[in-house]
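Structure first, commentary second.
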Amino acid sequence: MKKVILSLTMFLAVVLNLSAQTADDIINKYITAIGGTEKWAKVQSIKVEGQIEIQGLAIPFTVQGIQMKGMRMDAEFQGNKIIDITTPTKGWSQNPLMGKANMEPISEEELKVKLDELDFQDDFINYKEKGSKVELLGKEEEDGTEYNKIKMVTKNGNEKFYFFDMKTDLIYKEESIVKQQGQEVKSSVKLLDYQMLDYGIKMAFKSDMGQMMMVTKKIIINPVIDESIFKGN
Amino acid sequence: MRIKKIVVGGLLVLASSVSAQTTLNTSHFQVMEARALGPSTMSGRITAVEGITADGQVNLYVGTAGGGIWKSQNGGLSFAPIFDKYCQSIGALAVEPGNSKTVYAGTGESNMRNSVSIGQGLYKTTDGGSNWQKLGLDSTERISKILIDPSDKKIIYVAAPGPLWKSSSHRGLYKSTDAGKTWDKILFVNEETGCADIAIHPTQPNIILASFWQFRRKPYSFNSGGAGSGFYKSVDGGKSWTKLSKGLPEGDLGRIVVTINPSKPSQVLAIVEAKVPGLYQSDDEGESWKKMASTDNITARPFYFSTLVYDPKDAKRVYRPAFDFAYSNDGGNTWNNSIIGGVEPHADHHALWINPNNPEMMYLGTDGGVYMSLNKGSSWHFLNNLPVGQFYHVSIDNQAPYNIYGGLQDNNSWIAPSQSPRGVTSVDWRTLVGGDGFWVQPSPLNSKIVFAEYQGGNMFRSNLLNGTAVDIKPKKQEGEEEHRWNWNTPIVPGPSTKKTVAGKSIFNLYVGAQYLFKSIDEGRNWEKISPDLTTNNKSIQQQADMSGGITGDNTSAENHCTIFTITPHPKNEQIIWVGTDDGNLQVTMNGGKTWENRSAGIWKAGVPQNAWISCIELSAIDPNRMYITLDHHMYGDNNTYIVMSKDGGKTFSRLNSSEFTGFAHVVREDIVNEKLLFLGTEMGLFISLDGGVNWMRSKYQGMPWYNLVRDLKIQAQTNDLVIATHGRGVYILDNLQPLREMIKSDINKDAIFFPIQAFKYDFTPSSPGPPSNLIGWAAGNKVLAPTFYYYLKERSNDAVKIEIYDATNKKIKDFNGTNLKGLNRVYWGLNINPPKVAKGGFIAQTSIQSSAFVTPKVPVGKYKVVLKVNGKTEEQWIEILPNPTKGYTTADISLLYNQGMRMFQLTEKLAVLVSDLDSSISVLEKNNSKDSIGNSKLEKLVNIRKEIIETNRKSVFFDEFKFRRRVADLYISVASSIEALSTSQEKGITVMEVEYLLLEKQVRALMK
């Protein structure tokens, strides 16, 4: 009899455990779903090719990056070259369509936001070691479905909110808060079309930003990249 | 083993049948987003204003009576709503000292007027409003103040006056010592008496003063004060309490407002409602009191005005915002209310935040929005950016574009267009009649005549032609009892018009006191067409004697036994249904000759007997079907009551849903598809796609989830749903047609491409537009373009492709559609695929850049639209029609298209030429050191290229016109025109074509 009660208590304990899901439970499931920490931690460089679709136009782009060293985005529209470079200490941008005909340095405030992007491994891979803090905010409805919502504050002080799909364990939506001149501006992106790469990790091939969609065509993991492309001027 | 297999198999069957049954929610038509028209120029009641400076910015949190919480990060120059998923009635806000991101929000307003809404408890955010957690206190219904202990931010006090319309044990003073996780009720008096106000000593936070108030509203009376009211003090953080009386008025007390002087904390001020009311001061932390001023502005309407604030630094300066803005420079002995310069703030004040770092700067919350002062309240500036007006009803007309008419709580009757050049903005709203606004009805026959009213049935005929208004309220006739007019008296024009013998067109206008009146001459003469249709229960009609309690208050808000809703049948005006505020449902089948009371039918369906009949909706499709909403909240019952009859109102059944919250105000059946129903309650808009069996809360139509929806109209020409809210102004959900299509379709299909509505050539007007610095809150216009709707059962990961073919089956346009789960909407700008444009040189913000997406507009005719999704193809046709009345004839559109295509072809030819030229230059550059002939050729080519492409230009402020730019300018001019070029203008195209031929010859010759 005692044994029965004991096993029953244990069963209840398991049930209780399940209901008290922690942020790390959700994050761990997510990491498993995208290929696991081991593979992701070995991502040291990346090259992405794709296009930005906006108002019926498709603007091709290439992103190249070396983990925590540098990132460069190149795009072209009607023969005009748009370039964006971020390094841990400096950043530059060039966009003739926006009145920046040549490569110009970006402000510290802009750089702070972009620093997180130098981590090409997923935000949640070894997030503790990288200095990020997370908090489970509970469940929240988005587009008629409930998602687990987790808040992350990165080492650089940027705030992000992630919506985790309870069926696929993948991230459906990411909201970020960017501070400009003491005021906060919220932006959000929906991550769609997750695909498994030959390398063995899973990534979203589409980022829906409402007015704009980023469509990835090709991803190369750990290509050889010449660091000199991260020099602004 | 076998059994297990069967079980698993069974589960699989179950699972697959569940997934096969697509259940809809409102995210499945999120593309149908309502336009919020405001207005912000006449804002709504503000109940709380709190602020804090962070990162050099004044952050403001503004709580409203029915429009949620709005945040500004720039001192009120712009606001964004941050509480749209929760109850919209806000009672109190508190910002954690030193932390701009942690805010407590108590829902349920405590300005106890007749129309006040209800709350759902206490919430907290720790990230400035992005995320909120519910902390409980759900049943308090009303929270008047939240205070955080200045020495320990985990200690929170919440004053809960509690429910207005019923007894409740949930009233009282609550305390949390763990930042809101758990709560103790630390002071409770009785079920009729709640905590109205609290104050904490700034340096000895265990000293707390709390006022308790006995109050109750009934549908026909209000009572303020009683034996339960009292003033209490604790010196041990609320563990024990002493009742204060020394120096305070004798007898029963009412509402007491209390505030402690931050510069001299032993000094306390309190406004005490009593037989002899007044402002009282204590110099010993509340132990004893002496009377100071007792002017009207200090003591009037204590149930409505409960704000008293000391200057944060000046011990003598005190503010009493009430029906006007009073301030004292001598600690409250004398008061001034002069306003010098700026604008007079709207009357009726409920909140004041003074910037502690700069006490000159303050923000005042009124019945008409937020005002800012930079000189301690002597002059004010209105913040025209909070669209939180409180409509009671909305009406529409049949003009194009149609107009919106409605009355706002405390804020007049209004008219605005549903569309306006560059969108509907603050300057589009115009006021008609003053006072509280309710029903505003345009004449069905004369677009310049509008009927409007203020509270208690004071109604007018407004003439928009000469700007005058005439009182048309029916006068008491011989043999009639004194008329009883509801605060919110219905004014309803009949749906049909007819001609008199003399040939004059007339319509019936109905208004209701206890009798129903009809006028056929715009309210000049009235005929009483019913007996008293109410219960005429005299015991609930003694407002002048009964209402107010300690301080008399009788403003027609308590008038009772009156007609509250009038609905003539849309097809047969001999049938008129009437509902009263005391539960009577009456009908005449003969234009008022005889009446029949049908109330018993709704009671049988389970509705309480005295519930107000808030709306009667007669189906325009089936003469036997009707819906009624009922409101019983004034008896303390907040349930959603909606009943339906299928037999012309003989028997009724109640419609219910687990989704419902809030007492019901309005129900509408679609005028085309009877399955489509809309229900508006105090806490949400609900939509049914199956005739009322299932309901879903509107969450994804761009409105607050718990919107206070008071009225709904469907505009017949545009199929728009117009939504009147009591806290967020008016919304328009443009074109219900796709919802009707969804109802008709099998939504279990993977993809459905709905039939496309024909499009009549038209363009959104852009002038005369509003002055850009007076826009305030603005709503975009309905998009005037061919619109394709399709439904996807699941979100598609592959791009959804749309192709358009002309009559010769030539593909003229490709573009990507959206790939949302549910309904998708794509506009076609009547354009074709853009031309190739010559590359290189300077293009930023020029016609060259625009040439990559602007194209001629297609001619009139039929076009095939092909939708490609997940390997499947669906087809529909669209007809593009001319619009001769607007000047868009088939011939002119065709001519314009041909002119545009000439420039289109020229643009593409130039692109090819430049591309060839660039290739030649590139080849020569690679070989440039090899011979001098090559170098000379290269130089010539480079030079001629400079005549085509703008290569010198580096900035938008240094213009350069080369051939490409001239082609592009003319191309854009023709392609964006809405009228064909005249014969002389068209010659410009010919000149350009000739010039091009010469240029091409020259370039090709050089390239040889």
Side-chain angles (χ1 to χ4, degrees), chain A residues 51 53-59 76-82 95-102 109 135-138 140-146 149-151 153 159-161 167 172 175-177 179-186 188 190-195 204-206 208 210-211 213 215, chain B residues 23-28 30 53-57 59 71-74 78 80 85 101 126-133 696 699-700 705 795-799 813-816 818-822 829 831 833-834 837-845 848-849 851-853 918 949 954-956:
Chain A
Q51 62 186 36
E53 293 172 359
I54 178 168
Q55 288 175 351
L57 299 172
I59 302 165
E76 190 174 322
F77 179 67
Q78 287 183 331
N80 281 247
K81 287 189 164 52
I82 300 159
N95 188 346
L97 305 179
M98 303 292 284
K100 269 191 193 176
N102 302 306
E109 202 174 35
E135 183 190 346
L136 176 61
L137 297 178
E140 185 156 318
E141 184 180 324
E142 187 68 35
D143 294 344
T145 307
E146 285 222 309
K149 191 174 183 185
I150 286 179
K151 174 182 172 179
V153 181
E159 257 179 40
K160 300 171 184 187
F161 301 94
K167 279 189 206 139
Y172 171 62
E175 283 176 356
S176 43
I177 288 178
K179 217 163 206 183
Q180 293 173 356
Q181 308 294 325
Q183 300 191 45
E184 292 178 339
V185 184
K186 204 176 190 176
S188 74
K190 284 177 185 163
L191 302 172
L192 311 167
D193 192 15
Y194 278 90
Q195 293 182 25
F205 271 55
K206 287 201 183 76
D208 183 352
Q211 298 292 316
M213 177 86 93
V215 181
Chain B
T23 49
L24 291 174
N25 63 61
T26 58
S27 80
H28 296 133
Q30 58 181 287
T53 301
D55 293 321
Q57 299 284 346
N59 283 237
K71 181 182 180 181
S72 171
Q73 301 182 76
N74 48 28
S78 65
K85 292 183 174 179
K101 294 196 163 184
T126 56
D127 56 16
S130 293
N131 296 281
W132 293 88
Q133 296 94 46
M696 45 194 149
K699 293 178 177 175
Y700 298 94
W705 293 12
R795 191 186 249 278
S796 151
N797 270 330
D798 290 336
K813 176 77 184 161
D814 306 79
F815 58 111
N816 285 355
T818 53
N819 54 0
L820 299 170
K821 180 174 181 173
N831 49 357
N833 286 328
V837 183
K839 282 184 181 175
F842 189 90
I843 61 159
Q845 296 169 44
I848 304 154
Q849 194 178 339
S851 301
F853 44 87
D918 284 347
I949 304 290
K954 299 284 180 252
S955 117
V956 289

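Numbers restart at 1 for each chain; the letters A, B, ... are given by sequence-line order, proteins then strands. These numbers were taken from a predicted model, which means no experiment stands behind them.
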Please step through side chain to side chain contact (heavy atoms under 4.5 Å, CB included) for the pair A:Tyr172 and A:Leu192, ending with a clear verdict. CA-CA 7 Å; A:Tyr172 171 62; A:Leu192 311 167; 4.2 Å; yes
Chain B contact via A:Met213 - side chain, backbone, both or neither, heavy atoms under 4.5 Å: side chain
Sub-3.5 Å donor-acceptor pair from the side chain of B:Ser72 to the main-chain atoms of B:Asn59, do we have one? no
Cut-off 4.5 Å, heavy atoms of chain A, and the answer for B:Lys71 is side chain
Counting heavy-atom pairs under 4.5 Å with chain A, the top scorer among B:Ile848, B:Asn74, B:Val837, B:Asn816 is B:Asn74
Structural part of A:Asp208 lying under 4.5 Å from a heavy atom of chain B: side chain
With chain A, which of B:Lys85, B:Gln849, B:Gln133 has the greatest number of heavy-atom pairs at distances under 4.5 Å? B:Gln849
At a heavy-atom separation under 4.5 Å, does B:Asn819 approach chain A through its side chain, its backbone, both, or neither? side chain
When you check the side-chain N and O atoms of A:Thr145 and A:Asp143, is any donor under 3.5 Å from an acceptor? no
With a 4.5 Å cut-off on heavy-atom pairs, point out which of B:Lys821, B:Gln845, B:Arg795, B:Lys839 contacts chain A the most. B:Arg795
Side chain, backbone, both or neither: which part of B:Tyr700 has an atom under 4.5 Å from a heavy atom of chain A? side chain
Taking atom NZ of A:Lys81 as the centre, report whether more than 12 heavy atoms of other residues, nucleotides or ligands fall under 6.0 Å from it. no
Counting only heavy atoms closer than 4.5 Å, note whether B:Trp132 contacts chain A via side chain, backbone, both or neither. neither
CD/B:Gln73 to NZ/A:Lys179 distance, rounded to the nearest 0.5 angstrom? 8.0 Å
Which one, A:Asn80, A:Leu137, A:Ile177, A:Asn95, leads in non-hydrogen pairs under 4.5 Å with chain B? A:Asn80
Quick one: are B:Phe842 and B:Ile949 in side-chain contact, heavy atoms under 4.5 Å? no
Are A:Glu109 and A:Gln181 packed together at the side-chain level, in the sense that at least one heavy-atom pair is separated by less than 4.5 angstrom? yes
Could you tell me which portion of B:Ser130 (side chain, backbone, both or neither) has an atom closer than 4.5 angstrom to a non-hydrogen atom of chain A? both
Does any backbone or side-chain atom of A:Leu97 lie under 4.5 Å from a heavy atom of chain B? Answer side chain, backbone, both or neither. both
Does any donor atom in the side chain of A:Gln195 or A:Asp193 lie under 3.5 Å from an acceptor atom in the other side chain? yes
Residue part contacting chain A, namely of B:Asp55, when any heavy atom lies under 4.5 Å: both
Hey, which of B:Leu820, B:Asn131, B:Asn25, B:Thr26 has the most heavy atom pairs under 4.5 Å with chain A? B:Asn131
Mind checking the NZ-CG spacing from A:Lys206 to A:Leu191? Nearest 0.5 Å is all I need. 12.5 Å
Check each atom of B:Lys813 against the heavy atoms of chain A and say whether the ones under 4.5 Å are side chain, backbone, both or neither. neither
With a 3.5 Å distance limit and no angle check, can you tell me whether B:Asn833 reaches the backbone of B:Asp814 through a side-chain donor-acceptor pair? yes
Given that the side chain runs from C-beta out, which part of A:Glu184 has a heavy atom under 4.5 Å from chain B: side chain, backbone, both or neither? both
Identify which of A:Lys151, A:Glu142, A:Glu141, A:Glu175 forms the greatest number of heavy-atom pairs closer than 4.5 Å to chain B. A:Glu141
Heavy-atom distances under 4.5 Å only: say whether A:Phe161 touches chain B with side chain, backbone, both or neither. side chain
Any side-chain heavy atom of B:His28 within less than 4.5 Å of one from B:Met696? no
